[in-house]
Trainee: 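First the structure, which I've put down as structure tokens, then a few questions once you've had a look.
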Amino acid sequence: MKTREQALKYGLSFPDTYLDTPFSDTNWQLVRFKDNKKAFLWTYEKDGYINLNVKVDPEKAYYWRKLYESVIPGYHQNKEHWNTIILDGSIPDKDVKLMIAESYDLISDSPTKRIYEAVKRIPKGCVATYAQVAEEAGDRKMARAVGNALHKNPDLSVIPCHRVVNAKGELAGNYAFGGAWKQGEMLMAEGVEVVDGRVDLKKFQWKKE
């Protein structure tokens, strides 16, 4: 990721976001969360590169700065809570996207955030249906939103979306990380039986105590 357009497109792919240019200097273009109007992605050109300012958990701020030289303390913002990402091509797209996603999560109390937190609670060796995840996230009617959110999963190692199946226990043919066969492979590695692309919900569905 090197361009402003790419960064803004990704930022605007999150639910309930909009583009804002609040200053007379149009070099500054922001992506905000509609509910509270907080910006989670600031874009601007500086020293020949597009820079992104993203909100960060203070405990992770130095992790990213240590990992990449092109991640520095937030320019013109609180250095403890914001990082600047310099899009010089040295940072893999997946990590740029992860930092933007983390910033979005920090400023929003969005359905997507609640969905991810619900999926994190599904125990290893179990599966949950889309409707079950939606209910756990606070609204059983947003089962379709669960699928959309999981397709944009920013970190598979943290959000185990392979543990989500449909109401019949069927795997997702368009599973974002390699198709149904990959989802089945990951489930079987956790002890979940998969037969003909389906999981027996009576046996493996997550049952909260």
Side-chain angles (χ1 to χ4, degrees), residues 1-120 137 142 145-159 161 176-177:
M1 185 182 295
K2 288 187 176 181
T3 69
R4 185 198 302 267
E5 290 72 23
Q6 290 171 320
L8 290 175
K9 182 179 179 180
Y10 184 69
L12 291 167
S13 73
F14 290 92
D16 300 318
T17 56
Y18 66 98
L19 182 65
D20 188 22
T21 52
F23 310 123
S24 57
D25 181 0
T26 56
N27 181 37
W28 290 83
Q29 297 183 39
L30 288 58
V31 181
R32 297 185 186 273
F33 181 59
K34 288 181 181 178
D35 284 5
N36 55 25
K37 299 183 179 180
K38 290 182 179 179
F40 66 94
L41 175 63
W42 301 60
T43 72
Y44 54 96
E45 185 175 353
K46 183 176 181 293
D47 300 328
Y49 294 106
I50 295 299
N51 287 8
L52 314 177
N53 282 11
V54 293
K55 194 170 180 62
V56 64
D57 185 324
E59 293 184 359
K60 295 194 70 175
Y62 294 99
Y63 164 80
W64 288 116
R65 296 171 197 174
K66 185 176 180 180
L67 189 61
Y68 297 113
E69 291 185 1
S70 294
V71 177
I72 61 176
Y75 176 65
H76 275 323
Q77 289 183 289
N78 184 298
K79 312 303 184 194
E80 183 179 3
H81 294 277
W82 290 85
N83 275 347
T84 292
I85 306 167
I86 303 170
L87 295 184
D88 59 3
S90 65
I91 308 172
D93 278 10
K94 65 179 182 64
D95 282 347
V96 174
K97 289 180 177 180
L98 179 55
M99 285 185 272
I100 295 173
E102 288 177 344
S103 182
Y104 174 80
D105 284 347
L106 285 169
I107 63 91
S108 69
D109 181 24
S110 67
T112 296
K113 183 177 181 179
R114 297 198 303 271
I115 287 167
Y116 288 158
E117 291 303 317
V119 173
K120 290 177 185 179
M142 63 179 186
V146 173
N148 292 335
L150 297 186
H151 192 71
K152 295 179 179 179
N153 185 350
D155 193 345
L156 181 61
S157 65
V158 175
I159 305 166
C161 60
F177 297 90

Trainee: Going from CG on L30 to OG1 on T17, what distance comes out if it is rounded to the nearest 0.5 angstrom?
Mentor: 12.5 Å

Trainee: Using the side-chain contact (heavy atoms from CB on, under 4.5 Å) rule, take W42 and Q29 through it: C-alpha gap first, then chi angles, then the decisive distance, then the call.
Mentor: CA-CA 6 Å; W42 301 60; Q29 297 183 39; over 6 Å; no

Trainee: What residues form a side-chain contact (heavy atoms from CB on, under 4.5 Å) with E5, not counting sequence neighbours?
Mentor: T3

Trainee: What pairs with Y49 under ring pair (Phe, Tyr, Trp, His ring centres under 6.0 Å), at least two apart in sequence or on another chain?
Mentor: none

Trainee: Out of curiosity, N78 CG to N53 CG, how far, rounded to the nearest 0.5 Å?
Mentor: 11.5 Å

Trainee: Measuring only between side-chain heavy atoms, which start at C-beta, is Y104 closer than 4.5 Å to K55?
Mentor: no

Trainee: Go through the structure and list residues passing side-chain contact (heavy atoms from CB on, under 4.5 Å) with K46, not counting sequence neighbours.
Mentor: Y44, N51, Y75

Trainee: Which residues pass the salt bridge (charged side-chain N to carboxylate O under 4.0 Å, His left out) test with K38, sequence neighbours left out?
Mentor: none

Trainee: My understanding is that only residues two or more places apart in sequence, or in another chain, count here; which of them pass side-chain contact (heavy atoms from CB on, under 4.5 Å) with S90?
Mentor: S70, D88

Trainee: For residues 10-26, which residue pairs qualify under salt bridge (charged side-chain N to carboxylate O under 4.0 Å, His left out), counting only residues two or more places apart or in two chains?
Mentor: D20-R32

Trainee: What residues, two or more places apart in sequence or in another chain, satisfy side-chain hydrogen bond (donor to acceptor under 3.5 Å, both in side chains) together with E117?
Mentor: K120

Trainee: Could you grab the distance from atom CG of D105 to atom CD1 of I100, nearest 0.5 Å is fine?
Mentor: 12.0 Å

Trainee: Does anything in residues 92-101 pair up under side chain to side chain donor-acceptor pair (under 3.5 Å), and if so which pairs, sequence neighbours excluded?
Mentor: Y68-D95

Trainee: List the steps and the verdict of side-chain contact (heavy atoms from CB on, under 4.5 Å) for L52 and M99.
Mentor: CA-CA 10 Å; L52 314 177; M99 285 185 272; over 6 Å; no

Trainee: Is a side-chain N or O of S103 found less than 3.5 angstrom from the main chain of F40, in a donor-acceptor match?
Mentor: yes

Trainee: Looking at N83 and R65, would you say the former's side chain and the latter's main chain have a donor-acceptor pair under 3.5 Å?
Mentor: no

Trainee: Taking ring pair (Phe, Tyr, Trp, His ring centres under 6.0 Å) as the test, write out the residues that go with Y10, two or more places apart.
Mentor: F14

Trainee: Among all residues two or more places apart in sequence or in another chain, which pass the salt bridge (charged side-chain N to carboxylate O under 4.0 Å, His left out) test with K60?
Mentor: E102

Trainee: I would like to know whether L8 and V31 meet side-chain contact (heavy atoms from CB on, under 4.5 Å); could you show each step before the answer?
Mentor: CA-CA 7 Å; L8 290 175; V31 181; 3.7 Å; yes

Trainee: Apply salt bridge (charged side-chain N to carboxylate O under 4.0 Å, His left out) to E80 and list each qualifying residue two or more places apart in sequence or on a separate chain.
Mentor: none

Trainee: Side-chain donor-acceptor pair under 3.5 Å between N27 and E45, yes or no?
Mentor: no

Trainee: Quick one: CD1 on I115 to CG on N148, what's the gap to the nearest 0.5 Å?
Mentor: 8.5 Å

Trainee: What distance separates L87 CG from R4 CZ, expressed to the nearest 0.5 Å?
Mentor: 10.0 Å

Trainee: Restricting to side-chain contact (heavy atoms from CB on, under 4.5 Å), what partner residues turn up for A118, sequence neighbours left out?
Mentor: R121, V133, E136, A137

Trainee: Assess whether side-chain contact (heavy atoms from CB on, under 4.5 Å) is satisfied between V56 and W82, documenting all intermediate values.
Mentor: CA-CA 5 Å; V56 64; W82 290 85; 5.5 Å; no

